[in-house]
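Keep in mind that what you see is a predicted model, and the values were worked out from it rather than measured. Position 1 is the first residue of the sequence, and the numbers go up from there. In each ligand, atom 1 is the first atom listed, and ligand 1 is the first ligand listed.
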Amino acid sequence: MKNKFIIEPKLMNFKGEFCLTVLLFLIVGLSKGQPKAISPNLFGVFFEDLSYAADGGLYAELLQNGSFEYSPTDHNSWNSFTSWDFLARGNYGYGILDAETTSPINKNNTHYLTLRIENTGKLGIGIANNGFDGIAIDAGKKYRFSVWLRSKGGKPMNFKLSLEGNRQNMLGRSKVSCKSSDWQRYETVITATGSSDSARLILLAEDTGTVDIDMVSLFPEETFKNRPNGMRKDLADAIAALHPKFMRFPGGCLTHGDGVANIYYWKNTIGPLETRKQQRNIWNYHQSFGLGYFEYFQFCEDIGAQPLPVLAAGVSCQNSGGVRGTGQQCVPMEDMPQYIQDILDLIEYANGDASTTWGAKRAAAGHPAPFHLQFIGIGNEDKQTDDFRVRFKMIYDAIKSQYPEITVIGTVGPNYHGEDYDLGWQFADSIHVPMVDEHYYESPKWFIQNQGRYDSYNRHHSKVYIGEYASHGNTLFNALAEAAYMTAMERNGDLVSMASYAPLLANVQHISWRPDMIYFDNRQVLKTANYYIQQLFCMNSGTLYYPSVVKSESGGALQDSVMAASAVENQEDGSFIIKIVNLAATDKRVKFSLPKKFRTYKVALKTVVSGQADWMNSMEEPDRILPRVDSTVEVLPITLELLPYSLTVIKMHK
Ligand code: AHR
């Protein structure tokens with residue numbers, strides 16, 4: 001492995017060996033017990049629009065395919081009518097519904113519906129949207145409806161608007177009237193008079209005529225921080241409650257896309273919603289981009305997380321097109337200058353003042369102040385080909401020369417070892433990339449056995465961002481294996497600068513990847529055992545690591561298949577935090593050797609997560625595993641008994 005501290009034996013004579021031993025002895029001796037500075041941004045979150053994490057998930061829009069842009073390229077059977085029904089209510093109603101493209105609101109948003117009503121019948125002709133597996137509606141709550149309409153010849157046309165339960169029961173109503181022969185946006189609020197898990201939105205014309213319809217939208221009035229075009233509150237609250245130091249977005253594989261034409265292109269995701277250019281999601285569904293780069297930045301700011309956008313390195317996913325696909329595709333060399341400029345423009349969009357071209361666009365979206373972007377990921381698990389290397393270097397050099405203050409994060413393949421890992425590290429070393437992104441999804445056993453992984457990494461090479469990791473499952477034991485590994489991340493926090501469990505969100509009706517940290521349906525948010533471990537580490541992170549604070553009863557270090565521990569000082573709030581993982585089925589006892597400075601500190605909080613190894617939280621039993629606060633301990637005892645299968649976090653203050 002490239003990163004190990006290797007001494008070439010042939011070059012060492014006895015004298016050299018002796019000097020080196022003395023030197024190492026001195027270094028080890030001096031540093032033993034000494035604190036070391038660790039990354040203040042260690043624990044964050046990884047958000048990918050995977051398993052309906054964005055549309056049908058965090059993005060609070062309740063209607064599906066409201067812009068009629070779904071197509072068979074997203075998913076075999078999909079088209080402009082997906083999630084919509086044509087309605088002719090009552091006798092004698094007659095009308096025709098078509099999907100059109102001839103005169104759209106915007107060239108990026110090509111499809112709209114044309115409804116020709118010959119006879120409204122008794123109860124109206126129109127359309128119904130089924131949302132994402134139904135719409136969850138709560139009595140008493142308000143819902144903001146909007147639509148773009150254009151009537152032929154400017155004939156005034158009135159529409160009844162309603163929310164209906166699955167027995168056609170009325171759950172709330174309102175009206176809109178179209179008065180113009182040009183596209184215009186209309187808005188109204190519906191107050192729900194009843195509740196349902198599977199409501200539909202109904203729009204019925206009360207007049208004959210021809211009307212074009214686009215960008216139909218329904219938002220709960222209450223979104224996270226009440227942002228317009230905002231996030232679903234319960235999901236956003238769950239993410240905010242993790243207190244992540246950073247948030248990576250918009251993925252994973254989603255960023256480099258299924259072929260170059262499918263690369264996630266940030267400029268398509270900003271500006272007025274009706275101008276955003278939607279596209280297929282690599283995970284076989286559709287991206288409305290209602291949750292786009294502005295919303296990501298805003299959300300990061302709202303939850304106090306550093307934004308970490310990841311962009312393609314000018315190449316697509318090496319699995320493009322599936323097994324019989326094309327493999328890695330490249331942005332043609334002649335297009336690279338523009339591709340690079342687009343990445344530089346993103347930095348200006350985030351950080352430039354409002355007088356700059358792209359800063360002005362951010363200001364126009366309602367955020368004149370910069371978003372303080374510090375990190376940018378280039379590439380995701382890419383195959384280490386010459387095509388990749390050339391393009392990565394071009395992008396990296398351009399960012400370095402124009403924005404030297406930005407930390408570029410490179411990529412070293414999809415695994416903790418192997419060809420792309422080795423070549424990726426070699427390449428990063430050769431051009432001095434400041435940080436690289438390692439990914440691994442492994443068994444709990446692997447995480448337990450590999451706690452020493454970073455102890456031997458060379459400290460003079462790139463820093464490490466563990467951008468995606470998870471053990472295979474959501475049991476308590478999985479979460480504890482991750483916790484043990486996270487104590488090792490803290491121990492190596494001088495090298496491991498950032499880490500994010502992946503993926504973050506999954507809609508239970510549309511899971512494309514397991515395990516995930518948070519599962520949800522239209523009503524419920526399920527926090528897994530893994531979630532609570534992440535939360536405890538995020539909320540109890542530090543800036544200085546202290547070795548040898550927690551020991552086994554016999555005085556040994558804890559870093560094995562039975563126990564793991566870390567001790568950090570948080571210089572921001574002055575606290576000292578000890579975390580101890582017991583991976584065994586029996587009680588274990590540990591003893592403490594507190595650095596002098598903390599001997600007078602009191603225990604402010606002791607939190608324990610424990611249970612049976614195979615316990616999991618589920619929609620039926622969401623609170624089976626919960627952190628429990630133990631308020632009985634005020635002073636750190638000399639020894640402490642740990643529950644079987646547990647994480648104990650002790651926070652101490654002056
Ligand atoms: O997290 C799910 C996927 O796993 C990511 O999209 C990809 O980067 C990794 O292979």
Side-chain angles (χ1 to χ4, degrees), residues 44-55 57-58 239 242 244 246-259 262-264 279-287 291 296 308-313 315-323 325 327-329 375-384 388 392 409-421 424 435-443 446-447 464-474 478 482 498-508 510-520 528 530-531 534:
V45 290
F46 162 100
F47 179 91
E48 175 158 19
D49 183 7
L50 160 67
S51 305
Y52 282 43
D55 293 320
L58 183 60
I239 299 170
L242 284 165
F246 67 89
M247 174 163 135
R248 170 187 178 149
F249 57 86
C253 288
L254 180 96
T255 59
H256 59 176
D258 190 4
N262 189 244
I263 284 176
Y264 189 107
Q279 76 178 33
R280 177 168 83 86
N281 185 315
I282 193 172
W283 299 104
N284 294 319
Y285 59 102
H286 185 87
Q287 303 174 82
L291 169 50
Y296 280 122
L308 168 47
V310 176
L311 292 100
V315 297
S316 74
C317 181
Q318 54 268 32
N319 303 320
S320 292
V323 252
Q328 187 180 73
Q329 293 178 7
F375 302 96
I376 195 163
I378 300 296
N380 176 69
E381 302 188 346
D382 297 295
K383 190 153 188 56
Q384 300 284 319
F388 160 80
F392 180 94
I409 305 177
T411 176
V412 293
N415 216 324
Y416 68 91
H417 66 156
E419 190 178 65
D420 292 325
Y421 172 83
M435 202 185 296
V436 296
D437 179 12
E438 293 194 352
H439 292 182
Y440 31 85
Y441 296 93
E442 295 296 329
S443 66
W446 184 93
F447 281 91
V464 176
Y465 164 39
I466 310 173
E468 295 183 25
Y469 72 94
S471 73
H472 297 145
N474 291 120
N478 287 99
E482 288 152 12
M498 301 169 112
S500 42
Y501 178 101
L504 178 62
L505 294 181
N507 180 324
V508 289
H510 303 277
I511 298 180
S512 321
W513 186 283
R514 280 176 202 273
D516 304 278
M517 201 205 295
I518 300 171
Y519 296 90
F520 61 91
T528 59
N530 319 68
Y531 171 94
Q534 292 294 323

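The backbone N or O of G44 sits nowhere less than 3.5 Å from a side-chain atom of S500 that would complete a donor-acceptor pair.
The six-membered or imidazole ring of Y52 lies near that of Y285, with a centre-to-centre distance under 6.0 Å.
Taking each heavy atom of M517 and T528 in turn, the nearest pair found is O-OG1, 2.6 Å.
Y440 and Y469 have tilted rings, their planes meeting at an angle from 30° to 60° on a 0 to 90° scale. Using cut-offs of 30° and 60° for the angle between ring planes, the W513 and W283 rings count as perpendicular.
For H286, the side chain to side chain contact (heavy atoms under 4.5 Å, CB included) criterion is met by E69, Y70, D74, W78, Q278, not counting sequence neighbours.
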Need the list: ligand 1 N/O atoms against protein N/O atoms, distance under 3.5 Å, rounded to one decimal.
residue: ligand 1; atom: 1 (O); partner: Y441; partner atom: OH; Å: 2.8
residue: ligand 1; atom: 1 (O); partner: E468; partner atom: OE1; Å: 3.3
residue: ligand 1; atom: 4 (O); partner: E468; partner atom: OE1; Å: 3.0
residue: ligand 1; atom: 6 (O); partner: E48; partner atom: OE1; Å: 2.5
residue: ligand 1; atom: 6 (O); partner: E48; partner atom: OE2; Å: 3.2
residue: ligand 1; atom: 6 (O); partner: C253; partner atom: N; Å: 2.8
residue: ligand 1; atom: 8 (O); partner: N380; partner atom: OD1; Å: 3.4
residue: ligand 1; atom: 8 (O); partner: N380; partner atom: ND2; Å: 3.1
residue: ligand 1; atom: 8 (O); partner: E381; partner atom: OE2; Å: 3.2
residue: ligand 1; atom: 8 (O); partner: E468; partner atom: OE1; Å: 3.3
residue: ligand 1; atom: 8 (O); partner: E468; partner atom: OE2; Å: 2.6
residue: ligand 1; atom: 10 (O); partner: E381; partner atom: OE1; Å: 2.9
residue: ligand 1; atom: 10 (O); partner: E381; partner atom: OE2; Å: 3.0

